[in-house]
Number of protein chains: 2
Amino acid sequence: MKLYEQLADEIEAAVRRGVFTAGERIASVRQASQQHGVSIKTVLHAYALLESRGILETRPQSGYFVRAKPRSGEARGERGGVAGAMAVASEVDVSRLVLSTLRSIRAHGAVPFGSPYPDTEPFPWRRINQYANAIARRHASWNLIDDLPPGNPELIRQIARRYAENGVPVDPGEIVITVGATEAINLSLQAVAKPGDTVAVESPTFYAMLHAIERLGMRAIEVPTHPADGIDIDALAQIIGEGKIAACMVMPNFQNPLGFQMPDERKRRLVDLLSMHDIPVIENDVYHELHFGDARPSTLKNFDTKGLVLHCASFSKSLTASYRIGWAMPGRYRAQVEKLKFLNTLTTPSVPQVAVADYLRQDGYDRHLRRVRKLYKQQSRIMMAMVERFFPAGTRTSAPQGGYVLWVELPERVDSMLLYRAALAEGITVGPGYMFSTRNAFSHFIRLNYSYPWTPQSEAALQRLGQLVGELDARARET
Amino acid sequence: MKLYEQLADEIEAAVRRGVFTAGERIASVRQASQQHGVSIKTVLHAYALLESRGILETRPQSGYFVRAKPRSGEARGERGGVAGAMAVASEVDVSRLVLSTLRSIRAHGAVPFGSPYPDTEPFPWRRINQYANAIARRHASWNLIDDLPPGNPELIRQIARRYAENGVPVDPGEIVITVGATEAINLSLQAVAKPGDTVAVESPTFYAMLHAIERLGMRAIEVPTHPADGIDIDALAQIIGEGKIAACMVMPNFQNPLGFQMPDERKRRLVDLLSMHDIPVIENDVYHELHFGDARPSTLKNFDTKGLVLHCASFSKSLTASYRIGWAMPGRYRAQVEKLKFLNTLTTPSVPQVAVADYLRQDGYDRHLRRVRKLYKQQSRIMMAMVERFFPAGTRTSAPQGGYVLWVELPERVDSMLLYRAALAEGITVGPGYMFSTRNAFSHFIRLNYSYPWTPQSEAALQRLGQLVGELDARARET
């Protein structure tokens with residue numbers, strides 16, 4: 001094959017893959033000659049060939065443009081669509097199911113009952129963006145090394161301050177800033193356990209916990225968890241007695257998906273039990289600010305005397321989802337977590353850290369939180385009432401004490417994956433119970449998000465969801 | 001202890017830790033009563049006690065303020081100082097040494113010869129910030145799930161486009177956006193090898209490669225590397241023949257610290273050798289845009305027929321350091337890398353992704369790069385000439401073909417850690433050779449950064465560095 005044919009084939013392939021899209025101008029002959037290290041003549045030949053193939057066209061005084069339209073304008077854009085999400089059917093492992101489910105939520109116009117994220121519309125994103133802009137104007141440039149682990153000192157101080165104000169004694173020197181709570185949990189787990197180890201989790205458990213365990217080649221053991229009281233401490237004691245668990249991962253406040261707040265006395269018992277056996281516990285506390293009661297709940301940190309609690313949290317659920325600022329307070333494992341943070345992603349971007357710190361210092365955060373808590377509490381009541389109204393007999397719901405998700409137990413015959421797919425086909429998303437266990441223990445459960453405003457549309461969607469549950473139940477009864 | 005004494009102790013501890021700083025207003029009596037769940041009376045007692053201890057003071061009409069000044073305003077701020085960095089002396093493992101070295105660069109006014117990062121002053125940060133601001137204004141809010149892995153479609157397309165224009169055939173569907181190249185390298189390594197495996201690296205090697213290996217519990221085997229031609233392929237072939245290596249990690253273009261560009265013929269031989277044995281290779285190509293020659297260099301991807309090359313790169317070294325946007329093109333390992341990305345940090349922040357995509361589409365990027373390449377090329381020549389002028393006989397330097405670091409071999413008796421500490425005490429940073437090997441193979445080498453403008457100050461600093469080398473050499477000769 002001649003050189004110009006080779007070049008033409010290469011460019012055509014790029015157009016067909018969506019690298020260059022219809023109507024776009026491509027490199028001039030001179031530029032292309034430099035870029036590909038070939039002569040002007042070769043490029044002219046190649047471009048002429050592509051014109052004859054209908055791939056390029058010339059426009060007078062302007063250059064060469066892509067003419068073909070081999071696929072849609074956005075590379076991989078089709079993956080967000082409903083059709084793409086339907087491919088979930090044969091998936092088995094939890095992380096693939098979760099990723100597929102999250103993608104389905106991006107589907108245009110879908111009712112986001114399945115979303116794990118809050119509606120960010122009531123969040124003070126405008127203020128935070130203003131701070132970010134001001135920072136960008138203030139600093140000529142921002143260097144990678146300005147906020148090396150553990151992170152921006154002022155942000156760390158502001159975080160410590162909020163804890164202190166809520167009666168959680170925190171040494172700012174313990175805090176390590178991370179890329180969301182996801183990274184904090186990953187690093188914490190890696191700091192306390194090694195591949196092959198067994199880690200105790202709640203059942204149902206928030207799937208990010210299962211992801212962390214999967215990613216590090218560990219094994220999960222699921223401990224029965226009460227919808228109002230949290231992890232069964234006696235069952236956990238038995239598991240500890242039977243064999244070796246290297247660590248425990250829990251979500252004592254507004255657990256996802258159950259929504260409970262573990263009573264203080266049980267938090268203390270849990271920490272005491274684990275301390276007695278020197279077992280570290282990773283506490284995922286991302287919903288701590290979203291309490292429906294008057295006082296901010298205690299954390300496991302309040303009862304920790306041996307530095308065994310690795311507390312993880314973030315601003316993603318209550319302040320800004322897009323900035324991805326989380327943190328870990330890893331107790332006696334602080335040095336390891338800081339080092340792993342450095343090895344994992346080097347540093348968390350600076351500007352978002354400083355913007356959030358500015359917001360916390362100057363705007364308070366409390367007024368926003370008071371509004372959101374009230375909103376979520378109201379909407380939780382509406383969602384509970386509506387499920388009761390529209391879903392068939394045999395349906396039961398959790399009674400969330402904070403956060404923004406409702407856990408719904410459907411009649412036993414109803415498979416939540418069938419419901420997920422039937423609902424998705426009608427533009428409604430739900431979180432299938434399969435995501436919350438590796439043992440398929442919650443096949444007839446779903447999680448619903450109530451952070452979005454209640455509208456006639458969402459009411460109609462929930463009503464339709466109830467009908468689908470009824471239909472699936474009837475069909476299952478026949479077979 | 002009485003409840004109010006307990007509360008007072010708690011607040012005093014927080015002040016002493018720097019959570020509340022001098023002059024700051026603390027929670028009102030009413031707020032504190034709510035926050036701590038105690039009576040108004042208890043708070044009043046506690047605050048009075050703190051006043052008597054000289055910790056708080058009241059100001060009429062304003063409330064309670066922190067009076068004590070137990071430490072400096074910024075929590076942990078002292079770590080950036082020279083004194084903190086000096087603590088490096090007894091550190092042994094590479095990642096701790098690197099983190100200490102990076103921290104030392106933050107020292108006020110230090111000459112940044114030791115920095116691994118480019119001077120970002122000539123970067124188009126103003127333009128990119130403008131795009132980011134425009135995006136923030138355009139969107140009411142930005143959700144976590146908008147740019148789930150693999151990442152923002154338009155950014156992916158723009159990246160693919162640049163490769164295509166430079167003769168590297170890329171399927172946009174192969175690209176996964178990451179938090180900098182650091183994450184791309186970590187995920188790639190985890191996708192191809194498991195704990196306990198052995199990974200071949202260059203020697204000297206860029207320490208982020210060693211970090212990734214350390215983090216995943218693998219072992220590194222260092223392969224001799226020629227300062228101009230790159231990794232010794234015959235030596236690598238022998239190592240492959242002798243036993244099992246699971247993967248190979250290299251930096252074929254403008255390697256850090258050597259600065260070479262591996263000739264095409266050797267790139268091809270390397271890929272062929274590894275393909276023959278089905279060994280995946282992680283290609284760190286973060287400096288690809290910073291070539292001194294006319295054409296952008298080829299990548300290992302150009303010679304890969306089996307999908308064994310996992311190509312990693314970022315914008316941090318050539319466009320924007322603070323946005324932390326990197327990517328992986330993991331060949332046949334794409335699905336694993338995308339999944340690991342999701343498990344590791346869920347998603348890369350959206351706004352920076354879109355801002356960079358907007359910049360690439362609308363501003364080009366080429367004009368900026370042409371300017372920076374010319375600058376770095378000139379400054380590399382100056383730095384080489386100045387080292388020759390100021391350093392004692394027996395000093396040799398690399399001849400970088402791109403990037404912005406110079407590798408300097410000192411007289412054999414000179415220990416680079418001693419030089420590092422002596423220089424730091426005078427406000428000059430260097431990269432000690434110990435960072436680039438786990439075997440202390442480069443104890444008398446240093447790495448110098450020439451991305452910063454050459455000034456009388458930097459000239460004086462380099463001259464002083466040369467004197468220090470001479471003094472250390474003389475002292476070593478005496479003993």
**Q** Where is the tightest heavy-atom contact between B:Pro150 and B:Glu338, given as atom of each residue plus distance?
**A**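 For B:Pro150 and B:Glu338, the tightest heavy-atom pair comes out as CD-OE2, 3.3 Å.
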
**Q** Is there side-chain contact between A:Phe342 and B:Val98, with at least one heavy-atom pair below 4.5 Å?
**A**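 Sidechains of B:Val98 and A:Phe342: in contact.
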
**Q** Considering only heavy atoms and a distance below 4.5 Å, find which of B:Ile185, B:Thr178, B:Asn166 pairs most often with chain A.
**A**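 Ranked by contacts with chain A, first place is B:Asn166.
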
**Q** Select one option (side chain, backbone, both, neither) describing which atoms of A:Val170 are under 4.5 Å from chain B's heavy atoms.
**A**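 For A:Val170, the contact with chain B is made by the backbone alone.
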
**Q** Quick one: of A:Lys194, A:Glu183, A:Gln34, who has the most non-hydrogen atom pairs under 4.5 Å with chain B?
**A**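 Sorted descending by pairs with chain B, the first entry is A:Glu183.
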
**Q** With a 4.5 angstrom heavy-atom cut-off, could you sort out which part of A:Arg162 is near chain B: side chain, backbone, both or neither?
**A**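 For A:Arg162, no heavy atom lies under 4.5 Å from chain B.
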
**Q** At their closest point, which heavy atom of B:Ala357 faces which heavy atom of B:Asn152, and how far apart are they?
**A**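 B:Ala357 and B:Asn152 have their closest heavy atoms at CB-OD1, 4.4 Å.
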
**Q** Given that the side chain runs from C-beta out, which part of B:Ala32 has a heavy atom under 4.5 Å from chain A: side chain, backbone, both or neither?
**A**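 The answer is neither part of B:Ala32.
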
**Q** Between A:Glu154 and A:Arg157, does any NZ, NE, NH1 or NH2 come within less than 4.0 Å of an OD or OE carboxylate oxygen?
**A**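 Counted as a salt bridge, because a side-chain N and a carboxylate O are separated by less than 4.0 Å.
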
**Q** Does any backbone or side-chain atom of A:Glu24 lie under 4.5 Å from a heavy atom of chain B? Answer side chain, backbone, both or neither.
**A**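 Looking at A:Glu24, just its side chain touches chain B.
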
**Q** Tell me, side chain or backbone of A:Ala13 under 4.5 Å from chain B's heavy atoms, or both, or neither?
**A**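 Neither part.
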
**Q** Tell me, out of A:Thr348, A:Ile11, A:Leu99, who's got the most heavy-atom pairs with chain B below 4.5 Å.
**A**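 Ranked by heavy-atom pairs under 4.5 Å with chain B, first place is A:Leu99.
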
**Q** Main chain of A:Gly114, side chain of A:Thr429: is a donor-acceptor contact present, judged purely on distance under 3.5 Å?
**A**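 Answer holds: yes.
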
**Q** Let me know if B:Gln190 has heavy atoms under 4.5 Å from chain A in its side chain, its backbone, both or neither.
**A**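 Only the side chain of B:Gln190 comes within 4.5 Å of chain A.
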
**Q** Between A:Asn344, A:Asn133, A:Thr320, A:Asp366, which has the largest tally of heavy atom pairs under 4.5 Å with chain B?
**A**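 Top count of heavy-atom pairs under 4.5 Å with chain B: A:Asn344.
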
**Q** Under 4.5 Å heavy-atom distance to chain A, tell me which part of B:Ile128 shows up: side chain, backbone, both or neither.
**A**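 No part of B:Ile128 comes within 4.5 Å of chain A.
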
**Q** Between B:Glu165 and chain A, which part of the residue has a heavy atom less than 4.5 Å away: side chain, backbone, both or neither?
**A**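 For B:Glu165, backbone and side chain are both near chain A.
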
**Q** Answer with side chain, backbone, both or neither: which region of B:Arg296 has an atom nearer than 4.5 Å to a non-hydrogen atom of chain A?
**A**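 Nothing of B:Arg296, per the 4.5 Å heavy-atom cut-off to chain A.
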
**Q** Indicate whether the side chain of B:Arg161 and that of B:Gln158 have a donor and an acceptor atom separated by less than 3.5 Å.
**A**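 Distance-only check fails for B:Arg161 and B:Gln158.
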
**Q** Begin from the C-alpha positions of A:Thr345 and B:Thr345 and carry the test side chain to side chain contact (heavy atoms under 4.5 Å, CB included) through to its verdict.
**A** CA-CA 9 Å; A:Thr345 48; B:Thr345 48; 4.1 Å; yes

**Q** Which value, rounded to the nearest 0.5 Å, describes the distance between B:Asp171 atom CG and A:Arg17 atom CZ?
**A**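 These two atoms lie 5.0 Å from each other.
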
**Q** Less than 4.5 Å to any heavy atom of chain B: does that hold for the side chain of A:Gln31, its backbone, both, or neither?
**A**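 For A:Gln31, there is no contact with chain B at all, as no heavy atom is under 4.5 Å.
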
